[in-house]
Amino acid sequence: MRTKIIVGNWKMNNTIAESALLARDVLSELGEGFSGCEVGMAPTYPALQAVGTLLEGSTLQLVAQNCHYENDGAYTGEVSARMVKAAGCSFVIIGHSERRQYFGETNATVNLRIKKALSEGLKVIMCVGETLEEREAGVTGAVVSTQVREGLEGVDDISALVIAYEPVWAIGTGKTASSAQAEEVHDLIRTVLVKLYGEAVASEIRIQYGGSVKPSNAAELFAMPNIDGGLIGGASLSAADFAAIIKAAAEC
Ligand code: PEP
């Protein structure tokens, strides 16, 4: 039985004070002692400590939006896995499509970051997903399989891994993959994992859906057999909407 996991990716939004306010509002929407599913929040780096302090004593986890594969050094603007771990993060998102699209991330650099994050004791959310052109060209399966295989090259233990399937055409666009479209790709990802790691390991790995999840479509998506929660962008910036999505997952 896989526990559903919902993570809010706040992207480049909110000052430290605004982030703290949002975290406080989410906690109060969920109520004390919420434990219906696994939940995480990914603020910007400067806000990690303030949000982490607020999450102490709750079941909610602190998540980083990225991390580098070197420990330290001349990498201006980057933050290492051990730094986000030391800041209190338990999870890190790696390979988000915005990182791939705007910051030159490739399957190879995603792979390096994943290996480093896991070696530092972080749990990893690895993002994969096809562009609209790729979907229209009928290569969704090939693209996503390659992202999974190359992202996990040389990773022997995936017990601390979550995969987020995020079709690029659905991120921040208001267009959601239908539950059937999403399930088809989630099923394919699990099949790739079975080939790489065997049935027993693959059946334990959570695969989140991401791409314009909202309170109105969350329950239908999370009811699908291979959709184990969501990576939520825009809707995670509203405490009420994020809490409604979390509750939908908890009730599935
Ligand atoms: C995301 O960026 O991970 C995401 C899913 O964004 P949105 O929910 O806004 O589409």
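Numbering of ligands and ligand atoms starts at 1, following listing order. Nothing here was measured: the structure is a model prediction, and the numbers come from that model.
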Under 3.5 Å, is there a donor on one side chain and an acceptor on the other for [X] and [Y]?
X      : Y      : answer
Glu134 : Thr131 : yes
Asn107 : Arg100 : yes
Thr176 : Asn217 : yes
Trp10  : Gln65  : no
Glu166 : Ser97  : no
Tyr197 : Glu204 : no

Contact check: [X] vs ligand 1, nitrogen or oxygen atoms, below 3.5 angstrom:
X      : answer
Ile232 : no
Ser212 : yes
Gly234 : yes

Specify the protein heavy atom at minimum distance from [atom]: its residue, its atom name, and the distance to 0.1 Å.
atom                   : answer
atom 2 (O) of ligand 1 : Lys11 NZ, 2.5 Å
atom 3 (O) of ligand 1 : Glu166 OE2, 2.7 Å
atom 1 (C) of ligand 1 : His96 NE2, 3.2 Å
atom 8 (O) of ligand 1 : Gly233 N, 2.8 Å

At a non-hydrogen distance cut-off of under 4.0 Å, which region of Ala164 contacts ligand 1 (side chain, backbone, both, or neither)?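 No part of Ala164 is near ligand 1 at this cut-off.
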With a 4.0 Å heavy-atom cut-off (strictly under), which part of Ile171 contacts ligand 1: side chain, backbone, both or neither?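 The part of Ile171 near ligand 1 is both the backbone and the side chain.
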For residues Val51 and Met41, determine if any side-chain heavy atom of one lies less than 4.5 Å from a side-chain heavy atom of the other. yes
Using a strict 4.0 Å cut-off to heavy atoms of [X], name the atoms of ligand 1 that fall inside it.
X      : value
Gly210 : 5 (C)
Gly211 : 5 (C), 10 (O)
Ala170 : 10 (O)
Asn9   : 2 (O), 3 (O)
Gly172 : 7 (P), 9 (O), 10 (O)

Given 3.5 Å as the limit, does a donor-acceptor pair link the side chain of Ser236 with the main chain of Gly8, or not? no
Are Leu30 and Phe222 joined in one hydrophobic group, where the rule is that I, L, V, M, F, W and Y side chains link up if heavy atoms are under 4.5 Å apart?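 Per the 4.5 Å side-chain linkage, Leu30 and Phe222 are co-clustered.
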